[in-house]
Every structure is written in structure tokens, then in C-alpha cells.
Amino acid sequence: MEKYIINGGYKLSGEISIQGAKNSVLPILAATVISGGTSIVSNIPKLRDVDMMVKILSSLGADVSLEGDVLVINSSQINKIEVPEELVREMRSSIIIMGAMLARFGEVKIAFPGGCEIGPRPIDLHLKSLRQMGAVIEEAHGFLDCKTTGLKGCEIQLDYPSVGATENIMLAAVTAEGVTTIRNAAREPEIIDLQHYLNEAGARVVGAGTSIITIEGVESLNDCNHRIIPDRIVAGTYMTAAAITKGEIIVKDIITDHLLSIIAKLREAGAIIYANGSALKVIGPNKLYALEMLQTLPYPGFPTDMQAQLMALLTIANGTSIVNETIFENRFKHAEELTRMGASIKTFGKVAVVKGVKELTGAKVSAKDLRGGAALVLAGLVAQGTTEIENIYHINRGYESMEENLNKLGANIKTIK
Ligand code: UD1
């Protein structure tokens, strides 16, 4: 098992270019199934989750090749309708393949994705919506057997603006008969990116980025070329790294608009941030301030995927902060690990109270999930002495070359086996 060893206390400085967004790549790769032709997708980050989705596509029979950061996917030869169970278990978001397979073949068999490190993560909204569109889904022996004689457009009112459910419906609806309207749709930038890809391939989707998305079914999709948007969570993580180390870095190749809630909270905590086109300069303050309330919400609220990293910062802020995680249950596993490093955190269900301490101290800790792992890296960058982080495979699911990037910025971090 690989571990990170971090010697803390170095201020970060320099520039970093931000990778493509994991949460855009996954649904777009699933979408490449629909056309039965060739999709060329660029700005692909090198990540374990992306490898998983490529494995899923290949296991179904697609021809996938990677050159630099460009994936070429030809889905014409797909000849299987069963998604291998071990791949679904590895990556829960593989459920996104359902909508695409139903759109292309009217059939898919997939293992029921279990719970994961950050809570039970049900898929009831996905299933209810696909059923509403005419899919017959049987749940037996841990598998979902989905069939349809033809999906039909309809009005779908989501009980909650689920990102995955919104994407699954969009994929199922692009070649369905008639018009599908999703109300209370998720508004995340990755949904807009999916709309762009689909429309580049000949779909008729409007409204992504708002709560109402309308999809007018078309006969089929065409070959297309698409570039993935920058990863706002990776950008936010490096911005937090600058703030926590009292450093000064320039984060390049980003879309500032996608980062406004993160910028607002980092500024509230004392960071100085200048925006200039597709770059941001982040200067860490001498003194960090506690946040009266850090509440995670669906976009454009503060992202749950940045909660852990901000919590790491708040552990050494001046005063007491309240963190309210409203999206996922059980997303405070990093709190216990941060406490091992000297943080003072008490959790009560979905609320954490973080009392700022003078300094963190290096310790042996364990990454329990992707973003929680990133939070431990941030804490390690500023802790006195050496921090050892186990289970860094979680971090590699979402961050490309994190060690190399941080060392280039002046950190002292290495991987050991
Ligand atoms: C996506 C992101 C993830 C991010 C999350 C919230 C990807 C690959 N992952 O996950 O990084 O943290 O959005 O921004 O894009 N829910 C239900 N029933 C459902 C679906 C969801 O109850 O059918 C609940 C979930 O348990 C959770 C909440 O809704 O509490 C949000 O989930 P959702 O927006 O669906 O997140 P994901 O698409 O899984």
C-alpha cells in the first residue's frame, strides 16, 4: 500500500495548471456509448476513476485508445449488455452507464452499487425516473436488470437535484421518443459540460445550468469532438493549499465562475484572491479566520467535495467554525484523522464544530475517501514535523500527479510503498 510522507512547514509558491474535471469525464465517457460511432474527448485527467470507466467501456466491447490527454472512443462494436460487477463495486458512479445503454440498446444489466465511504448513496431517483420513461427494471440477487421496448419522453420532477440522476435522465432522453423535461435538475457545471458534449453529437438539450432541462429526442447521435472543462474541486484544493501554508500561488486554466462559492469562503477565512481571466492568484494570510458557517449545498452553493479541505484549513483558523454537511451522511471521517494531528473537532451528525488550534502536528493518519484524503495532505503541508498518510489510492481517484504538483510548488512530499 502506498503512503505519502509529508514534511510540513513549507509555503507554497508558483503556478499550477488545473486538470480536466473528473466529474465531467465520467458521464461524458458513458455518453459515448449512445452514438455507436467515434468520440474524441480531450483534456482527460490521468485518474483511477477514469481508468475504471475506460475499463467498463472496453469490457462492453468499445474500442478505446489514449494519446496524451485525448481519448478516442469508438463504441460501434459494443456487443455486451452486462457491466462487470467488480468494476461497479470499484466505482459507484458507474451507474451513469445505465441511461446510455438503455438509449442505445434498450437493455443493460448492472450490479446494484453498494454503499461507500461517505454514506449509503441510494439510486432511487435514477430508477424512478428511468421507469417513468418506460424502462422495466427488476432488482434481484444484487443486480439491476433493465429493459425497454422504447424510452418515451416525459415530465420528471426530481425530489432532490441529484447530479447523477440528472445525468442519467439526460443520457436516456437524448434518443427517446418525444420531449423529456427535468424539473429541479442539478445545476452543476459538469451538467452543462454534458449538455455541450451531447449537443456537439447532434442531441437537442437546453437548460443545463438551470433547474429545468429539456431534451428533445433525436434519431441518433453523431461522431464528435469535445474538450473537458477544468476541475473546480482540484482548483479549490490547490487554492486552499496556498491559503493554509501562507503561500502565494497562481492557479491557471480554470473557469472562475465555477469557483465563486469557494473563493467567497476562502476570502472570508482571510485569503487574498485576485481573478484575471482564466487564472486566479491566491495569497495565504498571516492569520486565518474561523467561518461562522460553512454549509454544503447543491451548486451554486458550497460544494460538498470541498468540505473536507476547508475543514483542514479551519483547524488552524482563529476562532470556532461550524461546518454543516447537508448533502451526504457520514462525510466527516477526515475529522477523526485531523484530530490525530492535533485538531479540535467535535461532530454531531451532519454538523462539525471546529475550534482553531495554534498548530497541527505530524502524525500517522489514513485517507478514508478521496476528498478526506486531500484534506489530510493539506493538513500535512502545514503540520509541524512529518505526516504519514495511508491509503492514498483514494486520492489518486481524483487528483492527477498531486505529489509532483505540490513539490513543484515547494512542498516536501514523497510516496513510499
Ligand atoms: C456527484 C459527484 C460527487 C459529488 C456529488 C454532490 C460525480 C461522479 N460525483 O455524485 O463528487 O459529491 O455529486 O455534488 O459527479 N441521492 C438519493 N437518491 C438518488 C441519488 C442521490 O437519495 O437516487 C442523494 C445522495 O445519497 C446524496 C445526494 O442525493 O445524499 C446527492 O447525491 P448526487 O447529487 O446524486 O451525487 P452523485 O451524483 O452520486
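The analysis underlying the following values was restricted to heavy atoms, covering all of them including side chains, and did not include hydrogens, waters or symmetry mates. Indexing begins at 1, ligand by ligand and atom by atom, following the structure's order.
Using a non-hydrogen distance threshold of 4.0 Å, H126 registers as a contact of ligand 1. For P122, the closest heavy-atom approach to ligand 1 falls below 4.0 Å. Ligand 1 has at least one atom lying under 4.0 Å from a heavy atom of R331.
The shortest N or O to N or O distance between T304 and ligand 1 is not under 3.5 Å. Between F328 and ligand 1, a contact under 3.5 Å exists for no N or O pair. Looking at ligand 1, you won't find any N or O of P161 less than 3.5 Å from one of its N or O atoms. Considering backbone and side-chain atoms together, D305 places an N or O closer than 3.5 Å to an N or O of ligand 1. For A165, no nitrogen or oxygen atom sits less than 3.5 Å from a nitrogen or oxygen atom of ligand 1, counting backbone and side chain alike. When only interatomic distances are considered, the shortest N/O to N/O separation between E167 and ligand 1 does not fall below 3.5 Å. For N23, a nitrogen or oxygen atom sits less than 3.5 Å from a nitrogen or oxygen atom of ligand 1, counting backbone and side chain alike.
Near D124, meaning under 4.0 Å from any of its heavy atoms, are these atoms of ligand 1: 17 (C), 18 (N), 19 (C), 22 (O), 23 (O). Annotation for ligand 1: atoms under 4.0 Å from non-hydrogen atoms of G164 are 35 (O), 38 (O). Residue Y160 has at least one heavy-atom neighbour below 4.0 Å for each of these atoms of ligand 1: 28 (C), 29 (O), 31 (C). Close approach to S93 involves these atoms of ligand 1, each under 4.0 Å from a residue heavy atom: 8 (C).
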List the atom pairs, donor and acceptor, that lie under 3.5 Å between side-chain atoms in residues 341-352 and the rest of the protein, sequence neighbours left out.
none

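Side-chain atoms of Q195 come within 3.5 Å of backbone N or O of A208 as a donor-acceptor pair. Looking at T296, its side chain does come within 3.5 Å of a backbone N or O of T326 through a donor-acceptor pair. No side-chain donor-acceptor contact under 3.5 Å links N405 to the backbone of I16. Of the possible donor and acceptor atoms, none in the side chain of D145 sits under 3.5 Å from a partner among the backbone N and O of E139. Checking side-chain atoms of T148 against main-chain N and O of G134 turns up a donor-acceptor pair under 3.5 Å. At least one donor-acceptor pair under 3.5 Å links the side chain of S321 to the backbone N or O of L291.
Looking at E388 and K3, a side-chain N of the basic residue comes within less than 4.0 Å of a carboxylate O on the acidic one, giving a salt bridge.
Using a 4.0 Å cut-off between heavy atoms, I327 contacts ligand 1 through both its backbone and its side chain.
Looking at H334 and Q307, their side chains do bring a donor and an acceptor atom within 3.5 Å of each other.
Among V163, I123, L158, the residue whose heavy atom lies nearest to atom 34 (O) of ligand 1 is V163.
Contact detail for I123 and R92: the closest heavy-atom pair is CG2-NH2, 3.1 Å.
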